[in-house]
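Taking it in order: structure first as structure tokens, then the write-up.
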Amino acid sequence: MTRLTLTTALVGSLALPAAAETIGVSIPAATHGWAGALNFHAEQTVERLEEQYEDLDFVLATTPDPGTQISDLEDMVATRNIDALVVLPFESEPLTGPIQRIAESGTWVTVVDRGLSQEGIEDLYVAGDNESFGRTAGEYFVENLEEGSQVVVLRGIPTSIDNERVEAFQSALDGSGIEILAMEHGNWNRDDAFTVMQDFLSRYSEIDAVWAADDDMAVGAIGAIEQAGREDEMWVVGGAGMKEMVQRVQNGDSMVPVDVTYPPAMIATAIELTAMGLMSDGVPMSGNFIIASELITQQNAEQYYFEDSPY
């Protein structure tokens, strides 16, 4: 079961109006695997909570870009008079001002995963633990590679999230004698990762393992490795719990020995906590709720496999 680490105590008086009935949920569209699973869990949670609470309504909007998301938020406020907002910003900077205005109007705001560019705006923050994500992978490398081993790293999109993951991974390797040959951005994208991995394979005759800081990138990297006929030389660790990767772990695939969680189901946690505060008079629900990463192994993979999920 996913371990939840609370970094700030849930304290303070609930600021939501007692008669609140509508929660707006705004998330990125399913443009890649993780976002697709995010949408799946959001839809499932909204459906379940609408059945659970007769007086609770939802408006769910998915967005392909920051501009559309801003318009969606304005529409939620103007036409649906939302009492609470659960939002995963498409990008931090352009969404900070619009979300701040919503919060200042008295609407409860829960921000998910991608923080705003200014602190203190949201009432509740729900996210994965990016340092734990990188550290968990790094510790596995240290435990399963010999001193002198050589590895390559596929980074995500240049963001603070990516920096936190990579810095934690590097810190876990400190003093191990494991050499990072190269790190390049694969942008959390299969095709980009395929191209980057092709370059790594052409440059380095010996690679013992690959850290692809996202499962979509791991799939791209594996494709390049298999095309080069070097699948017996190295293994790949990705992250986020894509069901294809979890199944490979469960089946004992030597090329994918483990995976690391960064659950898209965090959107369900965010919606659930917001609804709980909205519908339960006097329940304190402010602070930071951080979901730690877990190592998925062949022994525990079954509990992380969601057959109906698109991811």
Q | Glu231 atom CD, over 12 foreign heavy atoms within 6.0 Å | A | yes
Q | Distance-only side-chain donor-acceptor flag, Asn187 / Arg155, under 3.5 Å | A | no
Q: With sequence neighbours excluded, give me every ring pair (Phe, Tyr, Trp, His ring centres under 6.0 Å) pair touching residues 235-255.
A: Tyr140-Trp235, Phe141-Trp235
Q. Would Val87 and Ile99 count as a side-chain contact (heavy atoms from CB on, under 4.5 Å) if you check the C-alpha gap in whole Å, the side-chain angles of each, and the deciding distance to 0.1 Å?
A. CA-CA 9 Å; Val87 56; Ile99 293 173; 3.8 Å; yes
Q.
If I compare all heavy atoms of Ala240 with all of Asp259, which pair ends up nearest, and what's the gap?
A. N-OD2, 4.1 Å
(Q) Main chain of Ser71, side chain of Asp75: is a donor-acceptor contact present, judged purely on distance under 3.5 Å? (A) no
(Q) Which heavy atom of Gly238 sits nearest to which heavy atom of Ala218, and what is that distance? (A) CA-CB, 4.0 Å
Q. Got Leu73 and Leu95 here, is their nearest side-chain heavy-atom distance under 4.5 Å?
A. yes
Q | Rounded distance (nearest 0.5 Å) linking atom CG of Leu85 with atom CD1 of Ile23 | A | 10.0 Å
Q.
For Gln118 and Thr96, which I'm curious about, is there any donor-acceptor pair between the side chains at under 3.5 Å?
A. no
Q. Strictly by modelled atom types, are Tyr262 and Asp113 linked by a side-chain donor-acceptor pair under 3.5 Å?
A. yes
**Q.** Linked, directly or transitively: Phe169 and Val258 (ILVMFWY side chains, under 4.5 Å)
**A.** yes
(Q) In this structure, would Val196 and Phe194 fall into the same cluster of hydrophobic residues linked by side-chain contacts under 4.5 Å? (A) no
Q: Output the distance between atom OG (Ser254) and atom CG (Asp232), rounded to the nearest 0.5 Å.
A: 7.0 Å
Q | Distance, nearest 0.5 Å, that separates CD of Gln298 from CZ of Arg248 | A | 13.5 Å
Q) If every non-hydrogen atom of Glu233 is compared with every non-hydrogen atom of Ser205, which pair is closest and at what distance? A) OE1-O, 4.0 Å
Q.
If you define the side chain from C-beta out and look only at heavy atoms, does anything of Trp211 sit under 4.5 Å from Met183?
A. no
Q. Salt bridge check: are Glu91 and Arg114 linked by an N-O gap of less than 4.0 Å?
A. no
Q: Spell out, as yes or no, whether a donor-acceptor pair under 3.5 Å connects the side chain of Glu206 to the backbone of Ser149.
A: no
Q | Smallest separation among heavy atoms of Gly241 and Ile296, with atom names | A | CA-CD1, 4.2 Å
(Q) Restricting to non-hydrogen atoms, name the atom on Arg203 and the atom on Asp199 that form the minimum distance, rounded to 0.1 Å. (A) NH1-OD2, 2.7 Å
Q. Under 4.5 Å between any side-chain heavy atoms of Thr110 and Val126, yes or no?
A. yes
Q. Quick check: does any side chain N or O of Thr79 sit under 3.5 Å from a backbone N or O of Met76, one acting as donor and the other as acceptor?
A. no
Expected list for residues 39-47: side-chain donor-acceptor pairs under 3.5 angstrom, two or more places apart:
| from | atom 1 | to | atom 2 | distance (Å) |
| --- | --- | --- | --- | --- |
| Asn39 | ND2 | Pro28 | O | 3.0 |
| Asn39 | ND2 | Ala35 | O | 2.7 |
| Thr45 | OG1 | His41 | O | 2.7 |

Q.
Show, in sequence, the C-alpha distance, side-chain angles and deciding distance for Arg165 and Glu131, and conclude whether the side-chain contact (heavy atoms from CB on, under 4.5 Å) test is met.
A. CA-CA 5 Å; Arg165 292 179 176 185; Glu131 290 185 6; over 6 Å; no
Q.
If hydrophobic clusters are built by linking Ile, Leu, Val, Met, Phe, Trp and Tyr wherever their side-chain heavy atoms come under 4.5 Å apart, do Ile267 and Phe306 end up in the same one?
A. no
Q.
Set out, in order, the CA-CA distance, both residues' side-chain angles and the distance that settles side-chain contact (heavy atoms from CB on, under 4.5 Å) for Leu278 and Leu56, then state yes or no.
A. CA-CA 9 Å; Leu278 196 65; Leu56 184 60; 3.5 Å; yes
**Q.** Side chains of Leu273 and Leu124 in contact at under 4.5 Å (non-hydrogen atoms)
**A.** yes
(Q) Measuring from atom CD of Glu307 to atom CD of Gln247, what distance do you get when rounded to the nearest 0.5 angstrom? (A) 8.5 Å
Q | Beyond-backbone contact of Ile271 with Thr274, side-chain heavy atoms, under 4.5 angstrom | A | no
Q.
For Arg101, give me all partners under salt bridge (Lys or Arg N to Asp or Glu O under 4.0 Å), at least two apart in sequence or on another chain.
A. none
Q | Heavy-atom donor-acceptor pair, Asp253 side chain to Met255 backbone, under 3.5 Å | A | yes
Q) Can you check whether Leu49 reaches Gln52 side chain to side chain, under 4.5 Å on heavy atoms? A) yes
Q. Checking side-chain contact (heavy atoms from CB on, under 4.5 Å) for the pair Val59/Ile82: CA distance, chi angles, key distance, verdict?
A. CA-CA 8 Å; Val59 50; Ile82 59 172; 3.9 Å; yes
Q: Could you state whether Met234 and Val151 fall into the same hydrophobic cluster, counting links through intermediate Ile, Leu, Val, Met, Phe, Trp or Tyr residues with side-chain heavy atoms under 4.5 angstrom apart?
A: yes
Q | Short side-chain donor-acceptor distance under 3.5 Å, Asp192 and Thr195 | A | no
Q: Measure the spacing between CZ of Phe289 and OG1 of Thr269 and express it to the nearest 0.5 Å.
A: 6.5 Å
Q. What distance do Ile225 atom CD1 and Ile207 atom CD1 have between them, rounded to the nearest 0.5 Å?
A. 7.5 Å
Q: Take atom CD of Glu54 as the centre, draw a 6.0 Å sphere, and report whether it contains more than 12 heavy atoms from other residues, nucleotides or ligands.
A: no
Q.
Quick one, Asp129 and Ile291 - any side-chain contact, counting heavy atoms below 4.5 Å?
A. no
Q) Counting N and O atoms only, with roles assigned by atom type, does the side chain of Ser286 sit under 3.5 Å from a partner on the main chain of Asp123, one being a donor and the other an acceptor? A) no
Q) How would you list, by chain and number, every residue that makes a salt bridge (Lys or Arg N to Asp or Glu O under 4.0 Å) with Asp216, sequence neighbours excluded? A) Arg190
(Q) Tell me whether Asp208 contacts the main-chain N or O of Gln150 through its side chain, where contact means a donor paired with an acceptor under 3.5 Å. (A) yes
Q. Going by atom types only, do Thr136 and Ser293 share a side-chain donor-acceptor pair under 3.5 Å?
A. no
Q | Least distance between heavy atoms, Thr261 atom then Phe133 atom | A | O-CD1, 3.6 Å
Q | Partners passing salt bridge (Lys or Arg N to Asp or Glu O under 4.0 Å) against Asp57 (at least two apart in sequence or in another chain) | A | Arg80
Q) With sequence neighbours left out, which residue pairs that include part of residues 76-100 fulfil the ring pair (Phe, Tyr, Trp, His ring centres under 6.0 Å) condition? A) none
Q: State, yes or no, whether a side-chain contact exists between Ile27 and Thr63 at a heavy-atom distance under 4.5 Å.
A: no
**Q.** Donor-acceptor under 3.5 Å (Lys243 side chain, Tyr305 main chain)
**A.** no
Q: Taking only Lys NZ, Arg NE, NH1 and NH2, and the carboxylate oxygens of Asp or Glu, determine whether Glu51 and Arg48 approach each other closer than 4.0 Å.
A: no
